[in-house]
Amino acid sequence: MSSGTDPSAARIVSVKPLENKDARWLNLVQIEYLTPDGQTRQWEAIHRTTTPKSSPGGVDSVHIIAVRSCSSDPSRKEILLEKQFRPPAGKVCIEFPAGLVDPNESIETCALRELREETGYVGEVMGKVGGSIVMFGSPASSAAKTVFIHATIDTGKPENQTPVAELEDGEFIEPFWVPLASLHSQIRRLAEEGFAIDSKVGIYAEGLEMGRSLNSA
């Protein structure tokens, strides 16, 4: 990958305060609420300004957990991750493919669109989308909601032989595959190398590792 597209070539130039009136995607708000003992308190939070009214359940975004079978061993599964520079972290972040829901777009359509745009892969949704759990990404600071969509990618299909991403201006994303069985150790290694680990990827890896530990106990 050339330095012109390598996510690790990005750098923070400056950081300055931003007024809500100048913000395009997010607003800082103060919430007044009553506690169980009847006291009135305030809480600062971030509200996303772009969530479509048509979005099912008020979901802002989707995260895609996409897997494929290894060509040499169909029983061996690999999971698709991305490297992308995230300015708030000031580092290249390890993430799932993800994106914001467009107006009048279903969760399933959003997931497959974002997967194709960010990685070039054409996938198929697993299971029933309506059964996906709506999750708050950071409820202590934001009301933003997301869902995990499970997808499979058949890399034997012609459209997945040489995938080409359809990145937006300013996006620099490097997709890569990791063996699902070693996801936890791979994430630990990437963290030690200086990458920022998105909490959703980290929690997913921790859950798989704990499940293995309990099954082997």
Side-chain angles (χ1 to χ4, degrees), residues 7 25-26 46-52 54-68 77-89 91-103 105-153 160 163 165-168 170-180 183-184 186-187 190-191 195-211:
W25 304 100
L26 302 170
I46 298 169
H47 276 189
R48 184 171 287 282
T49 62
T50 57
T51 306
S54 59
S55 176
V59 170
D60 305 272
S61 64
V62 297
H63 287 76
I64 304 101
I65 302 176
V67 297
R68 71 175 181 183
K77 304 298 182 184
E78 296 180 317
I79 190 167
L80 184 61
L81 300 178
E82 295 178 345
K83 294 178 182 178
Q84 183 172 189
F85 181 78
R86 292 299 190 182
K91 293 183 176 183
V92 174
C93 192
I94 306 300
E95 309 173 341
F96 290 123
L100 299 177
V101 180
D102 284 345
E105 184 177 50
S106 70
I107 299 300
E108 179 182 34
T109 299
C110 177
L112 296 181
R113 173 181 59 77
E114 288 290 349
L115 180 64
R116 185 185 68 255
E117 290 177 356
E118 292 193 349
T119 70
Y121 286 108
V122 176
E124 295 182 4
V125 172
M126 298 171 57
K128 184 179 179 182
V129 176
S132 302
I133 300 171
V134 177
M135 294 173 283
F136 287 81
S138 183
S141 60
S142 172
K145 291 183 280 187
T146 190
V147 294
F148 279 179
I149 298 298
H150 295 242
T152 56
I153 295 177
N160 288 326
E166 304 168 11
L167 299 177
E168 297 179 4
E171 280 190 319
F172 301 93
I173 298 173
E174 180 184 344
F176 65 106
W177 293 96
V178 173
L180 193 57
L183 178 61
H184 187 265
Q186 295 285 347
I187 291 300
L190 288 164
F195 291 95
I197 308 301
D198 186 292
S199 62
K200 291 171 283 297
V201 174
I203 291 170
Y204 186 83
E206 291 290 347
L208 290 178
E209 186 67 13
M210 186 174 184

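- Within the structure, no pair that satisfies the salt bridge (charged side-chain N to carboxylate O under 4.0 Å, His left out) test touches residues 142-151, not counting sequence neighbours.
- Smallest separation of non-hydrogen atoms from L100 and S61: CD2-CB, 4.1 Å.
- Across every non-hydrogen atom of P7 and F172, the tightest pair is CG-O, 3.4 Å.
- Considering all non-hydrogen atoms of both residues, A196 and A89 come closest at CB-CB, 4.3 Å.
- A distance of 7.5 Å separates NE2 of H150 from CE of M126, quoted to the nearest 0.5 Å.
- The CD1 atom of I173 sits 4.0 Å away from the CD atom of E118 when rounded to the nearest 0.5 Å.
- Applying the side-chain contact (heavy atoms from CB on, under 4.5 Å) test between V178 and each of L81, L190, L80 identifies L81 as the sole match.
- How far OH of Y121 is from CG of L112: 15.5 Å, rounded to the nearest 0.5 Å.
- Atom CD of E171 sits in a crowded spot, with more than 12 heavy atoms from other residues, nucleotides or ligands closer than 6.0 Å.
- The backbone N or O of W25 lies less than 3.5 Å from a partner atom in the side chain of T49, making a donor-acceptor pair.
- With sequence neighbours excluded, the residues forming a side-chain hydrogen bond (donor to acceptor under 3.5 Å, both in side chains) with K200 are D198, listed by chain and number.
- Of the inter-residue distances, the one linking L115 atom CG with I64 atom CD1 reads 6.0 Å to the nearest 0.5 angstrom.
- Between the side chain of S138 and the backbone N or O of S142, no donor-acceptor pair lies under 3.5 Å.
- Residue-environment remark: CE (M135) exceeds the threshold of 12 foreign heavy atoms within 6.0 Å.
- Evaluation of the salt bridge (charged side-chain N to carboxylate O under 4.0 Å, His left out) rule for E82 yields no partner, not counting sequence neighbours.
- Scanning all heavy atoms of the two residues, the minimum distance from E105 to C110 falls at OE1-CB, 3.3 Å.
- Considering every non-hydrogen atom in both I133 and V147, the closest pair reads O-CG1, 3.6 Å.
- Heavy-atom minimum distance, I153 versus G123: CG1-CA, 4.2 Å.
- For the pair H47 and L26, the minimum side-chain heavy-atom distance is 4.5 Å or more.
- How far CD1 of I79 is from CZ of R68: 12.0 Å, rounded to the nearest 0.5 Å.
- Remark: the backbone N or O of R116 is not paired with any side-chain donor or acceptor of E166 at under 3.5 angstrom.
- Side-chain contact between V67 and T152 is present, with heavy atoms from C-beta onward closer than 4.5 Å.
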